[in-house]
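Notes to accompany the following structure.
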Amino acid sequence: MSREILTVVETVSNEKGLNPEDIFEAIEDALVVSTKKKVYTEQPEVAVRVAIDRATGDYDTYRYWTVVADEDHEMPACQLAITDLDQKEWSIGDIKEEQIESIEFGRIAATQAKQVIIQKIREAERALVADAFEPRVGEMMYGEVKKQTRDGYIIDLGDNAEGYLSRDQMLPREQLRPKSRINAILYHVNRENRGAQLLLSRTHPEMLSALMQKEVPEIAEQIIEIRNVARLPGTRAKIAVKTNDHRIDPVGACIGMRGTRIQAVQQELDGERIDVVVWSDDPAQFIISSLEPADVSSIILDEDTQTADIIFSTNDQLARAIGSQGQNVRLASELTGYKLNMMLEEEYKQRQENESKAFIELFYDRLEVDQDLAQALVDIGFTSIEEVAYVPVDTFYDIEGLDDEAIDMIQERAKDVVIADELVKQQNMKEPSQELEGMTVSWAYKMAQKDIITVDDLAEQAVFDLEDIEGLDSETAGKLIMKARESWFDE
């Protein structure tokens, strides 16, 4: 049988291009299974190994045990207690084995070996395909529709390679027929043993980039660079381009003479409308370009939160910017990476007024300044207590009649509030002002600085503990403490 094993290994290796070592291992595994079924039918946990001589095809079979510590319970047939062995020769974890009679490489063993070999062939073939196509992920593939499945299509890519185009990766109204030829992006290579291996898409943004590169020589030659793509597959798309040669108009080059280049791409994508946008380093200019054909009146950016307020002078321009079913603004937002808030000038002015009122109330209540000073703080751009607390002193010099002493006082108050807010946040508890009648916001935060956070905290204080709180007299402090202690008598 030794010659038969060598013949099997040689034949399969030549036909399937497998490593002979993989085939030898498959035959060894098959012989182990056959041995256990024939010799150890009632002891499936027995450990067996088969070793084939790679030169002669002869093989030996061994039963082996793992040496373990002595256990109270009965051990499986693949283990030996170290107390049953000479402990001078053996240690826990050693493998003890003895040769047993080998079974013949007959029909049953050959059948099992065949099944193992077939599985290894499939694994090897999938590995070869994965190795060949993984570097090509993101590349456009050209293939022929081979057959339709329940959820998609098998695409023949040539050289015995097949891709899978699922319905959710196809354009919305797209219908394919056998033998028709299509372009699709390879977006993933599946190395698992189940499922389609080469996954294709016609909806990924890279599909548009690849088609533009095919139709526009300047892109292929890297004279024009594609910076970003946003798509609503089959409906509309925006592509941001930048020229590396100032003599070339990137939009004109992409559109082509009488629109021939862009029309070829649109035809491939089932009529998907494509807007070509000039990319800019300036986010505001890039956003304005991405919203064309709408005419933007003004734009306010917040680069920290990646949001932008876009203001329009008329309803007509606002409607153009939003687009049918919000397509234009949605794609512009995806293309630029900014959340875009669209509004008319009247809406923006009203929002500014509302925000100003809120900020004035904030400074009036929390900093204990009068309405005029609160208004002045808002007018020079303050929108939070933190800003008032920590900006340079000269920022306040634009406020008429405010001297250095007054500025120091305002900033000290602001710092006190910031510290108290942080303390309350860390404690994750309510301020006393939210629960006690007669408590002011100012007193509550000053108490928080003294670690008096809850009503129970206040109830445990004496009047003299609160005497350094500005504006809180002894009589009022006593009333607040007694109010806090009411819960003690209700229990």
Side-chain angles (χ1 to χ4, degrees), residues 228 230-232 235-240 251 273-367 369-389 391 395-402 410 414 417 441:
N228 203 7
R231 289 184 69 190
L232 292 172
T235 305
R236 191 170 180 180
K238 288 183 183 287
I239 181 169
V251 175
R273 179 182 168 184
I274 301 168
D275 300 332
V276 183
V277 177
V278 178
W279 186 85
S280 173
D281 289 319
D282 178 6
Q285 183 57 52
F286 186 28
I287 291 170
I288 290 171
S289 299
S290 70
L291 288 170
E292 292 178 352
D295 188 10
V296 175
S297 177
S298 58
I299 179 171
I300 296 90
L301 287 181
D302 186 337
E303 295 190 30
D304 292 334
T305 61
Q306 293 283 285
T307 59
D309 294 331
I310 318 295
I311 297 101
F312 299 89
S313 57
T314 65
N315 276 314
D316 180 55
Q317 295 301 328
L318 176 60
R320 286 187 183 182
I322 295 173
S324 175
Q325 299 178 338
Q327 291 175 0
N328 196 51
V329 66
R330 196 183 320 159
L331 288 170
S333 179
E334 185 179 342
L335 189 74
T336 60
Y338 274 74
K339 180 182 178 183
L340 307 181
N341 304 314
M342 323 286 280
M343 63 192 77
L344 291 169
E345 288 179 348
E346 292 81 3
E347 294 177 87
Y348 182 68
K349 288 178 182 177
Q350 185 60 51
R351 195 180 80 172
Q352 280 187 309
E353 289 179 9
N354 293 339
E355 288 179 349
S356 294
K357 288 180 182 177
F359 295 141
I360 290 170
E361 289 298 317
L362 173 70
F363 298 144
Y364 177 75
D365 290 337
R366 304 294 301 281
L367 298 181
V369 298
D370 58 33
Q371 289 281 355
D372 290 340
L373 182 52
Q375 177 71 62
L377 291 172
V378 172
D379 289 344
I380 64 173
F382 286 113
T383 59
S384 71
I385 302 292
E386 288 84 354
E387 290 176 358
V388 176
V391 297
T395 308
F396 294 87
Y397 291 163
D398 290 337
I399 300 177
E400 187 176 349
L402 204 61
I410 292 171
V417 171
V441 174

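Quick caveat, the model's predicted, so the values are computed rather than measured.
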Pairs touching residues 319-332 that satisfy salt bridge (charged side-chain N to carboxylate O under 4.0 Å, His left out), sequence neighbours left out: Asp316-Arg320
Partner set under salt bridge (charged side-chain N to carboxylate O under 4.0 Å, His left out) for Asp309, not counting sequence neighbours: Arg351
Atom pairs and distances, donor-acceptor, side-chain atoms in residues 375-383, under 3.5 Å, two or more places apart:
{"unit_1": "Gln375", "atom_1": "NE2", "unit_2": "Asp379", "atom_2": "OD1", "d": "2.8"}
{"unit_1": "Thr383", "atom_1": "OG1", "unit_2": "Glu387", "atom_2": "OE1", "d": "3.4"}
{"unit_1": "Thr383", "atom_1": "OG1", "unit_2": "Glu387", "atom_2": "OE2", "d": "3.1"}

Any pair counted as salt bridge (charged side-chain N to carboxylate O under 4.0 Å, His left out), so long as it reaches residues 331-346, sequence neighbours left out: none
All side chain to side chain contact (heavy atoms under 4.5 Å, CB included) counterparts of Asn354, not counting sequence neighbours: Gln350
Side chain to side chain donor-acceptor pair (under 3.5 Å) involving Tyr364 - partner list, sequence neighbours excluded: none
Residues forming a side chain to side chain contact (heavy atoms under 4.5 Å, CB included) with Glu386, sequence neighbours excluded: Ser384, Val418
Where Ala308 and Leu301 come nearest, the two heavy atoms and their spacing: CB-CD2, 3.4 Å
Val296 side chain near Phe312 side chain, heavy-atom distance below 4.5 Å: yes
Heavy-atom closest pair, residues Leu291 and Ala332: CD2-CB, 3.7 Å
Side chain to side chain donor-acceptor pair (under 3.5 Å) partners of Asn328, counting only residues at least two apart: Arg236, Lys238
For Gln352, all residues meeting side chain to side chain donor-acceptor pair (under 3.5 Å), sequence neighbours excluded: Tyr348
Pairs satisfying salt bridge (charged side-chain N to carboxylate O under 4.0 Å, His left out), at least one member in residues 287-304, at least two apart: none
Heavy-atom side-chain proximity of Leu373 to Leu367 below 4.5 angstrom: no
All side chain to side chain contact (heavy atoms under 4.5 Å, CB included) counterparts of Ser280, not counting sequence neighbours: Asp282, Gln285, Phe286
By side chain to side chain contact (heavy atoms under 4.5 Å, CB included) - contacts of Leu362 (at least two apart): Arg366, Ile385
